[in-house]
Amino acid sequence: MAKKKNKPFRPKARRPRGFEDRSSDVLRAETRLIQAAFSVYDMHGFEPLQTPAFEFADALGKFLPDEDRPNTGVFALQDDDEQWMSLRYDLTAPLARFVAENYDALAKPYRRYQAGSVYRNEKPGPGRFREFTQCDADSVGAAGAAADAEMIMLAAEVMRAAGLKDGQYAIRVNNRKLLDGILESSGVPNTAEGAEQRLQILRAIDKLDRLGAAGVEALLGEGREDESGDYTEGAKLNAAGIKAVLGFTTASTDNRADTIRTLESLMGTSERGLAGVQELIEIDTILNAVGFGNERVSYDTSIVRGLGYYTGPVFEAELLTEIKDRKGRPVRIGSVGGGGRYDDLVSRFRGQTVPATGFSFGVSRFLTALERMDALDSSVKPPVVICAFDRSLMGEYFKLAGELHAEGIRAEVFVGSGNVTKQMKYADRRHAQVAVLMGSDEMDAGQVTLKDLYEGAKAAAAIESNEEWKSSRPAQETVARGQWVSAVKAMLAG
RNA sequence: GCCGCCUUAGCUCAGUUGGUUAGAGCGCUGGUUUGUGGAACCAGAGGUCCUUGGUUCGAGACCAAGAGGCGGUACCA
């Protein structure tokens, strides 16, 4: 074998798994989407907030690093005083900490919006990373259904702001209290003992569209073995309970008023269930008054949101393609965000219940969906490239760039090294439409030469010999310095 | 976590039953052409064949473990 030579150490250029570089197009699209959401939230009187990426581990809650699994779930490290700090895994837990810390100073309801990276230490999958951007709006300190209605309307407005037309999205609303009501009469108590079983039932319902009724039935009962031979423990509901749950999840229609009537009879005498229906009625009244029809917001009893911490209304924002299914309804692409009421998060800090409700979406997931729907307008024009023909005229080149900037045209001076050939190649690779050439000849004559690279490329197709290519100088014109900006504009427009 | 597939140049991939100096296309850099992006031609750079250990006279190839990637499933605050 070859002996080790004294090679200089070179680190391998690589990223930790699950962490992505995001560049140009993606970044622009993300920024635009976040700004669109922010402007909606801002318009409705929400305030921006930014919290740090690190929080004390105990402030974030349940996912503490322990000795068995020190590196799963959250990224955590010990500060120099040995306190555990964790990278935030969402924006809601830090909000709860912020509200608790500033409780007396905040006007309530406190409504804030925030976007930022969150971190999860787990195996990355398709479209799933260990660092990703979330965009949240939450309303803390308002118990009534009006606050939930507001979040639902905001979610719908964000869909519009993202460039979607009505009919291309739907906000689907459910209420945890309804399922609680159903389960009560099926012998699952609404207490701490029933919490684990309720969570299993929620997870099972969540898989309705993927596994179908039969798969969910198995998960609600004894359990289910999948194709790879992996066994998932079921929720162990009895036959009547399974029937009741499945009946409930399919009870809703596209019409809110109809669904409310159906649910009222389904809840029977369950106090909690009827309270849930009452909340949906209140929300419906507000939506109707503002003109949010069934097409934008519907009630859907199959929506669960996997999380255990929701306590009341829950909802998902779903994207729909233009393609219709057999019943003539737009096909679902899937959920791009969601939210709901969570009344117990701040109480961890203060001992008293603080009502809260919010909406959150994953920025890149939303973008991927928009891309699939061709609803993305990500066009940023490439810059005009000003060639540095003559180094002694550098100041003039920046002056030219400045004149374009003043007109809102993206432009840059070539600041690298190399002759004009290289500079033209650079302009080409930047996909620039216009290259600006000004050597001493033009300078002395008070002129600027402009070249339309797009037109030039078309002309090149017909040219065989290099001689001809060089001498013809296609799609280029020399104009007086006084008119050159409007000439550039004309070229970009043409 | 569990199951399956994969890993050779920047990219896409060849590489014979284990045999000397590991190749191609595209891309990249330079030149023909230092006042002009294409095309063409010429030249060049770029490789710990994922890692470690083993089998062998000899391993890119065979064996083992690990890492990384992809897909499915579970989980998802």
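Every value quoted in this text rests on a predicted model; they were computed, and no experiment measured them. Letters A, B, ... are given to chains in the order of the sequence lines, protein chains preceding strands, and every chain is numbered from 1.
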If the [atom1] atom of [N] is compared with that of [M], how far apart are they to the nearest Å?
N	M	atom1	result
B/rC5	B/rA43	C1'	42 Å
B/rC75	B/rG66	C1'	25 Å
B/rG58	B/rU21	P	14 Å
B/rU56	B/rA64	C1'	16 Å
B/rG72	B/rA9	P	26 Å
B/rA39	B/rU29	P	13 Å
B/rC41	B/rG46	P	24 Å
B/rG30	B/rG38	P	12 Å

Next on the checklist: Is there a side-chain contact (heavy atoms from CB on, under 4.5 Å) between A/Val413 and A/Met394? Walk through the geometry before answering.
Outcome noted: CA-CA 9 Å; A/Val413 177; A/Met394 221 54 192; 3.9 Å; yes
Which whole-number value in Å describes the distance from [X] [atom1] to [N] [atom2]?
X	N	atom1	atom2	result
A/Glu467	B/rC41	CD	C1'	14 Å
A/Lys458	B/rG38	NZ	P	19 Å
A/Phe414	B/rG37	CZ	P	14 Å
A/Glu20	B/rC70	CD	P	8 Å
A/Leu453	B/rG37	CG	P	10 Å
A/Tyr231	B/rC3	OH	C1'	18 Å

Checklist entry - OP1 or OP2 of B/rU73 sitting under 4.0 Å from any side-chain N/O of A/Arg224? => result no
Item to check | B/rG72 phosphate, OP1 or OP2, under 4.0 Å from A/Arg210 side-chain N/O | outcome: no
Could you work out, with side chain to side chain contact (heavy atoms under 4.5 Å, CB included) as the rule, every residue matching [X], not counting sequence neighbours?
X	result
A/Glu217	A/Ile242, A/Leu246
A/Thr133	A/Arg22, A/Glu30, A/Ile34, A/Ser117, A/Val363
A/Pro94	A/Thr51, A/Glu55, A/Leu60, A/Arg88, A/Asp90

Item to check | Touch class at under 4.0 angstrom, heavy-atom based, for A/Arg430 against every strand present | outcome: nothing
Checklist entry - Contact class for A/Ala427 vs. all strands (heavy atom < 4.0 Å): base, sugar-phosphate, or nothing? => result nothing
Applying salt bridge (charged side-chain N to carboxylate O under 4.0 Å, His left out), name anything that partners [X], two or more places apart in sequence or on another chain.
X	result
A/Asp390	none
A/Lys399	A/Glu396
A/Arg112	A/Asp138
A/Glu468	none

List the atom pairs, with distances to 0.1 Å, where a side-chain N or O of residues 485-494 of chain A and a protein N or O form a donor-acceptor pair under 3.5 Å, not counting sequence neighbours.
| from | atom 1 | to | atom 2 | distance (Å) |
| --- | --- | --- | --- | --- |
| A/Ser486 | OG | A/Gln483 | O | 2.9 |
| A/Lys489 | NZ | A/Glu407 | OE1 | 2.7 |

Checklist entry - With the threshold set at 4.0 Å, does a side-chain nitrogen-carboxylate oxygen contact exist between A/Arg305 and A/Glu316? => result yes
Checklist entry - For RNA chain B, which consecutive runs of 3 or more Watson-Crick or G-U pairs (each distance under 3.5 Å) count as stems? => result B:1-7 with B:67-73, B:10-13 with B:23-26, B:28-32 with B:40-44, B:50-54 with B:62-66
Next on the checklist: At a heavy-atom distance below 4.0 Å, what parts of residues 354-367 of chain A sit against RNA chain B?
Outcome noted: none
Next on the checklist: Check this for me: does the side-chain of A/Lys123 come within 3.5 Å of the base of B/rG69 through a donor and an acceptor?
Outcome noted: no
Checklist entry - On a plain distance test, is the side chain of A/Arg128 in donor-acceptor contact with the base of B/rC75 below 3.5 Å? => result yes
Checklist entry - Taking the six-membered ring of A/Tyr103 as reference, does the NZ or CZ atom of A/Lys108 fall below 6.0 Å from its centre and within a 45° cone about the axis? => result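 Yes.
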Checklist outcome for this item: 5' to 3', nucleotides 28-36 of chain B under a 4.0 Å protein heavy-atom cut-off (B base, S sugar-phosphate only, - none) gives SSS--BSBB
Checklist entry - Quick one: are A/Leu49 and A/Tyr113 in side-chain contact, heavy atoms under 4.5 Å? => result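 Heavy-atom side-chain distance check fails, nothing below 4.5 Å.
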Checklist outcome for this item: By ring-ring contact (aromatic ring centres under 6.0 Å, His included), A/Phe389 pairs with (sequence neighbours left out) none
Checklist entry - Between A/Gly456 and A/Lys207, who's closer to the 5' end of RNA chain B by nearest nucleotide? => result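 The residue whose closest nucleotide sits nearer the 5' end is A/Gly456.
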Next on the checklist: Go nucleotide by nucleotide along RNA chain B from the 5' end; which of A/Leu211 and A/Asp90 gets its closest nucleotide reached first?
Outcome noted: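 The 5'-side residue here is A/Leu211.
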